[in-house]
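These notes concern the structure reproduced below.
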Amino acid sequence: MTLRRILVTSALPYANGPIHIGHLVEYIQTDIWVRFQNLRGHRCVYMCADDTHGTAIMISAQREGVPPEQFIEMMHAAHVRDFTSFDIRFDNYGSTHSEQNRRMCALFWKAMREADLVVQREVTQLYDPLAGVFLADRFVKGTCPNPNCRAPNQYGDSCDRCGYTYSPTDLIDPVSTISGAKPELRSAPHLFLQIEKLHDFLEQWTQSGDHLQPEIANYLKGHFLQEPLRDWDISRPTPYFGFEIPDSPGNYWYVWFDAPIGYIGSTLQWCERTGENLDHWWRDSRTEIHHFIGKDITYFHCLFWPAMLKAAGVNLPKKVHIHGFLTVNGEKMSKSKGTLIRAETYRKHLDPAYLRYFYASKLSSRVEDLDLNFEEFALKINSDLVGNVVNLASRTARFLEGQTLSETYPDDGGLFAQAAAEGEAIAEAYESCDYGRAIRIILAAGDRANRFVEQAAPWNLKKDPARRQELRDACTIGLNLFRQIVVYLAPVLPRLAEQTGRLLNDPIISWSQSQRPLTGRRVEKYTHLMTRVPKEGIEAMTQESLEQESARPAEASQAAPAAPRDDNAPLQAEPLLPETISIDDFAKVDLRVARIVAAEEVPGADKLLKLVLSLGGDQERTVFAGIKKAYRPDALVGRLVICVANLAPRKMRFGVSEGMILAAGPGDSQVFLLAPDAGAKPGYRVH
RNA sequence: GGGCCUGUAGCUCAGCGGUUAGAGCAGGGGACUCAUAAUCCCUUGGUCGGGGGUUCGAAUCCCUCCGGGCCUACCA
């Protein structure tokens with residue numbers, strides 16, 4: 001095997017918000033690939049940076065009342081912290097707002113000029129006279145110009161009600177979302193790159209050489225390459241947070257010009273820090289460049305970026321790996337459903353290794369969306385990792401604690417050799433980003449190993465002192481099969497690999513360790529390498545994500561919505577009671593937090609659901625609640641509610657109801673359960 | 001409207017021209033008790049979305065229809 005020199009990047013996250021679990025698909029995918037390459041002995045470095053420029057950042061910084069430089073610094077620290085906590089290991093994590101990047105941009109710019117790709121044209125755009133900035137489409141809102149629609153509060157590019165597309169100047173009563181001012185038309189000179197001049201090159205590059213997944217090559221051919229490529233507007237007039245264009249004062253490079261150059265800027269920063277040579281990595285054709293990106297930024301990376309690289313005489317990527325989006329429980333991530341989960345929130349409640357493994361098991365080389373279903377997530381971790389893989393060590397290491405593995409590897413009926421032989425197939429799957437396939441092969445080896453342990457039954461051998469060596473041999477085999485699997489999983493689960501290295505006193509650092517059994521090593525005391533997914537962790541995480549959303553509604557819609565005015569209908573329907581009660585009256589009602597542990601429909605009842613509530617310990621209540629038209633039973637299980645615990649049991653046609661749960665609303669489908677905030681435990685009394 | 005992808009067991013998926021269509025999980029039955037209610041054995045379950053065609057032979061190739069997803073709709 002010849003050693004490769006590889007430079008890998010993930011898309012630069014925008015420094016305008018925290019990292020969430022959708023971002024992590026990409027960084028985990030990339031990190032696994034990089035770790036895999038290094039494990040195989042190749043030289044593979046991983047470059048990334050924050051994408052820090054543009055109007056959006058400028059506005060966010062203003063809103064926070066800090067200069068943009070300070071704003072992006074705070075974001076940078078938060079991003080680094082998040083990535084680190086998910087074991088995503090960059091060789092350099094820079095910023096597009098760095099001196100190195102400014103230098104690289106200037107270099108590219110010079111090349112663009114020399115290749116005669118730059119032209120200047122006037123662009124007329126809406127301008128916010130109050131804020132003093134030009135407005136991109138999404139910073140303008142107004143009424144949809146479609147005479148059949150006229151939906152208010154629509155963005156400047158298209159109407160999300162009727163789907164009509166238009167220019168922001170078509171909007172009726174347009175308003176700047178930045179200042180609320182009425183925008184006016186203004187024109188300014190912009191600089192454009194004529195990438196049509198590189199059309200032939202792009203056609204050839206995208207359609208040959210396996211640089212892109214087939215569906216992407218196809219997509220580009222059908223969508224962009226069929227007609228002349230439009231000039232690309234790569235400048236923005238002041239004020240703009242970014243780099244001023246050296247030979248065009250008052251104009252700044254558009255964020256999408258300096259962002260991909262950030263890959264190189266970050267590499268340069270790394271070179272300056274480590275003494276590496278930049279040309280070695282970006283101008284030497286023996287180096288492979290691999291970009292990992294999401295499908296949303298395909299054309300930047302597959303058309304503009306190759307065009308820029310080509311014009312600048314820099315290496316083109318060997319491959320752009322494109323992945324789909326994350327959905328959660330089958331739907332787009334949603335703030336209101338608590339499924340837009342920040343990396344930080346996840347980490348507070350669940351082990352990052354779970355997410356790494358889950359994503360790995362679902363990823364393929366296709367541009368497909370990936371669904372994170374929490375039920376499947378818990379099931380997969382528990383049965384694949386805890387039940388199958390880690391269990392192997394758990395059930396054999398204890399018999400050999402403080403002792404050593406057999407001096408020569410015993411006859412295991414060919415199990416180790418078989419899994420060793422499968423190493424190449426696993427490696428190929430990793431190489432082509434088909435991690436799901438790799439995992440499947442690895443788990444099959446785990447199944448065989450568990451079967452072996454079952455047959456060898458070390459727990460029986462242990463009973464007979466005369467069979468000590470047999471016991472030692474059986475556990476030597478079990479632990480070796482386990483370790484072999486851990487080597488294969490090391491790119492996905494680096495911590496498990498580290499722990500296993502310590503358990504067997506032999507750090508896992510190379511793929512080749514999967515090909516040779518380990519003998520004679522001392523076995524350390526076994527402690528759990530991974531625990532089962534705590535169900536309440538998933539709940540708490542979702543809850544917390546929901547609360548984060550409701551805690552900051554102000555910035556959600558810049559158009560300053562009127563303060564909500566609550567209407568009078570509910571009180572008219574059910575007037576306030578005239579009598580007052582004493583605190584003692586209230587204290588007679590024993591309200592408790594309860595968890596719904598079971599919920600089912602009641603045959604023959606239109607409105608009732610039968611619920612089983614846990615009040616903590618072994619206290620349970622069966623309650624019939626009239627909420628069937630508002631809630632699906634399966635959506636209720638696990639939820640925390642408030643129940644009246646000391647209500648006298650009441651016999652109903654369908655059984656005895658032992659309490660009530662609290663809910664509000666007029667009835668039927670308009671019923672709303674009361675729920676405690678995150679952190680409450682079943683059994684807590686409501687005071 | 002156009003383009004791409006997709007529809008195989010309850011769920012997640014593998015198989016992509018060749019013996020009676022597979023795996024994991026879930027379900028059912030049994031065993032074991034070393035292990036984090038983990039593990040092992042047996043087992044239920046599919047007209048491979050529908051219909052046409054090509055072929056000696058199709059889940060696999062072609063056409064068409066239906067369902068799901070994504071991207072687009074003169075925006076890059």
Side-chain angles (χ1 to χ4, degrees), chain A residues 123 136-138 155-158 163-168 192-193 195 213-224 226-234 254 256-257 294-300 303-304 322-325 327 330-332 358 361-364 366-373 375-401 429 434 436-437 439-444 446-463 471 474-475 478 482 526-534:
Chain A
V123 170
D137 293 357
R138 70 204 143 109
Y155 284 107
D157 49 355
S158 68
Y164 197 67
T165 56
Y166 41 77
S167 135
F192 291 78
L193 284 188
I195 54 166
Q213 286 129 302
E215 59 264 52
I216 296 294
N218 218 340
Y219 159 75
L220 294 172
K221 191 175 183 172
H223 272 262
F224 299 99
Q226 268 190 353
E227 43 193 76
L229 294 159
R230 274 177 284 257
D231 294 346
W232 182 32
D233 183 354
I234 42 83
Y254 175 46
W256 264 110
F257 179 82
K295 62 183 181 182
D296 51 330
I297 52 177
T298 295
Y299 70 87
F300 289 108
L303 293 175
F304 297 164
I322 304 181
H323 61 82
F325 293 151
T327 57
E331 300 175 4
K332 269 189 184 168
F358 184 81
S361 75
K362 301 282 276 186
L363 278 166
S364 76
R366 313 270 293 270
V367 189
E368 282 172 339
D369 288 355
L370 182 162
D371 186 48
L372 168 56
N373 176 289
E375 239 170 86
E376 187 192 351
F377 171 84
L379 217 57
K380 222 175 173 71
I381 305 303
N382 290 347
S383 54
D384 290 4
L385 283 185
V386 182
N388 184 332
V389 176
V390 164
N391 187 229
L392 271 172
S394 176
R395 66 196 307 211
T396 51
R398 281 172 227 254
F399 296 113
L400 234 49
E401 267 172 17
D434 201 349
R437 176 194 294 267
I439 299 284
R440 255 176 273 130
I441 304 173
I442 296 167
L443 282 185
D447 280 336
R448 293 193 298 265
N450 268 304
R451 237 170 281 154
F452 168 83
V453 175
E454 194 77 17
Q455 277 157 18
W459 49 95
N460 286 336
L461 299 173
K462 191 188 171 189
K463 293 172 189 160
L471 172 64
C475 293
F482 165 70
Y526 178 84
T527 51
H528 279 331
L529 299 173
M530 192 169 291
T531 54
R532 302 168 68 76
V533 176

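Below, chains carry the letters A, B, ... as their sequence lines are ordered, and counting in each starts from 1. Here the structure is a predicted model, which means the values were calculated and not measured. Values below: every heavy atom of this structure, side chains too, minus hydrogens, waters and symmetry copies.
Side-chain N/O atoms of A:R366 include none lying less than 4.0 angstrom from OP1 or OP2 on B:G69. Considering only side-chain N and O atoms, A:R437 lies under 4.0 angstrom from the phosphate OP1 or OP2 of B:G15. Note on A:R230: a side-chain N or O is less than 4.0 Å away from OP1 or OP2 of B:A76. An OP1 or OP2 oxygen of B:C41 is reached within less than 4.0 angstrom by a side-chain nitrogen or oxygen of A:R451.
For the residue pair A:L400 and A:C475, the shortest heavy atom distance occurs at CD2-CB, 3.7 Å. Smallest separation of non-hydrogen atoms from A:D369 and A:K295: OD1-NZ, 2.9 Å. For the pair A:N388 and A:N450, the tightest heavy-atom approach, listed with the atom from each and the gap, is O-ND2, 3.1 Å. When all heavy atoms are compared, the tightest approach of A:V386 to A:T531 is CG2-O, 3.8 Å.
Side-chain proximity of A:R440 to B:C40, B:A14, B:U12: nearest is B:A14. Considering only side-chain atoms of A:E215, the nucleotide from B:C5, B:U12, B:A35 that sits closest is B:C5. Of the candidate nucleotides B:C70, B:A76, B:U39, B:C70 has the atom lying nearest to any side-chain atom of A:K295. Distances from the side chain of A:N450 to the nucleotides B:U39, B:G24, B:C70 place B:U39 closest. For A:Y219, the listed nucleotide lying nearest its side chain is B:C71; candidates were B:C71, B:A76, B:U36. Minimum atom distance to the side chain of A:D369 is reached by B:C70, of the listed B:U36, B:C70, B:U39. With distances taken from any side-chain atom of A:K332 to the nucleotides B:C13, B:C25, B:C70, the minimum falls on B:C70. Set against B:U36, B:C34, B:A76, the side chain of A:F304 has B:A76 as its closest nucleotide. Closest approach to the A:W459 side chain among B:U33, B:A35, B:U36 is made by B:U33 (side chain taken as heavy atoms from C-beta onward). The listed nucleotides are B:G24, B:C13, B:U36; the one nearest the side chain of A:D384 is B:G24.
At a threshold of 4.0 angstrom between heavy atoms, the contacts of A:K362 are confined to the sugar-phosphate backbone, with no base atom among them. Counting non-hydrogen atoms under 4.0 angstrom, A:Y299 reaches a base of the nucleic acid.
Closest-nucleotide positions on RNA chain B for A:P458 and A:S383 were compared, and the one nearer the 5' end corresponds to A:S383. Of the two residues contacting RNA chain B, namely A:V367 and A:S394, the nearest-nucleotide position lying further toward the 5' end is that of A:V367.
One atom, CD of A:Q455, and another, P of B:U39, lie 16 Å apart when rounded to the nearest Å. The separation between A:L220 atom CG and B:C71 atom P is 16 Å, rounded to whole Å. Atom CD1 of A:I234 and atom C1' of B:A76 are 13 Å apart (whole Å). Computed from coordinates, the A:L461 CG to B:U33 P distance equals 13 Å when rounded to whole Å. As a whole-Å value, the separation of A:D447 CG from B:U39 P is 9 Å. A:N382 has its CG atom 15 Å from the C1' atom of B:A35, to the nearest Å. Across the protein-nucleic acid pair, A:E368 atom CD and B:C5 atom P stand 11 Å apart, rounded to whole Å. At whole-Å resolution of the value, CZ in A:R395 and C1' in B:C34 are 7 Å apart.
The aromatic rings of A:W232 and A:Y254 sit perpendicular, their planes meeting at an angle over 60°, well past the 30° parallel limit.
For B:A21, there is no paired nucleotide, since no Watson-Crick or G-U wobble pair has both relevant distances below 3.5 Å. Taking a pair to require two hydrogen-bonding distances under 3.5 Å in either a Watson-Crick or a G-U wobble arrangement, B:A38 remains unpaired. Across the strands present, B:G27 finds its partner in B:U43; the criterion is a Watson-Crick or G-U wobble pair with both atom distances under 3.5 angstrom. Base pairing annotation: B:G57 forms no Watson-Crick or G-U wobble pair, as no partner gives both donor-acceptor distances under 3.5 Å.
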* Show the numbers, then the answer: is there a salt bridge (Lys or Arg N to Asp or Glu O under 4.0 Å) between A:K362 and A:E368? => CA-CA 10 Å; A:K362 301 282 276 186; A:E368 282 172 339; over 6 Å; no
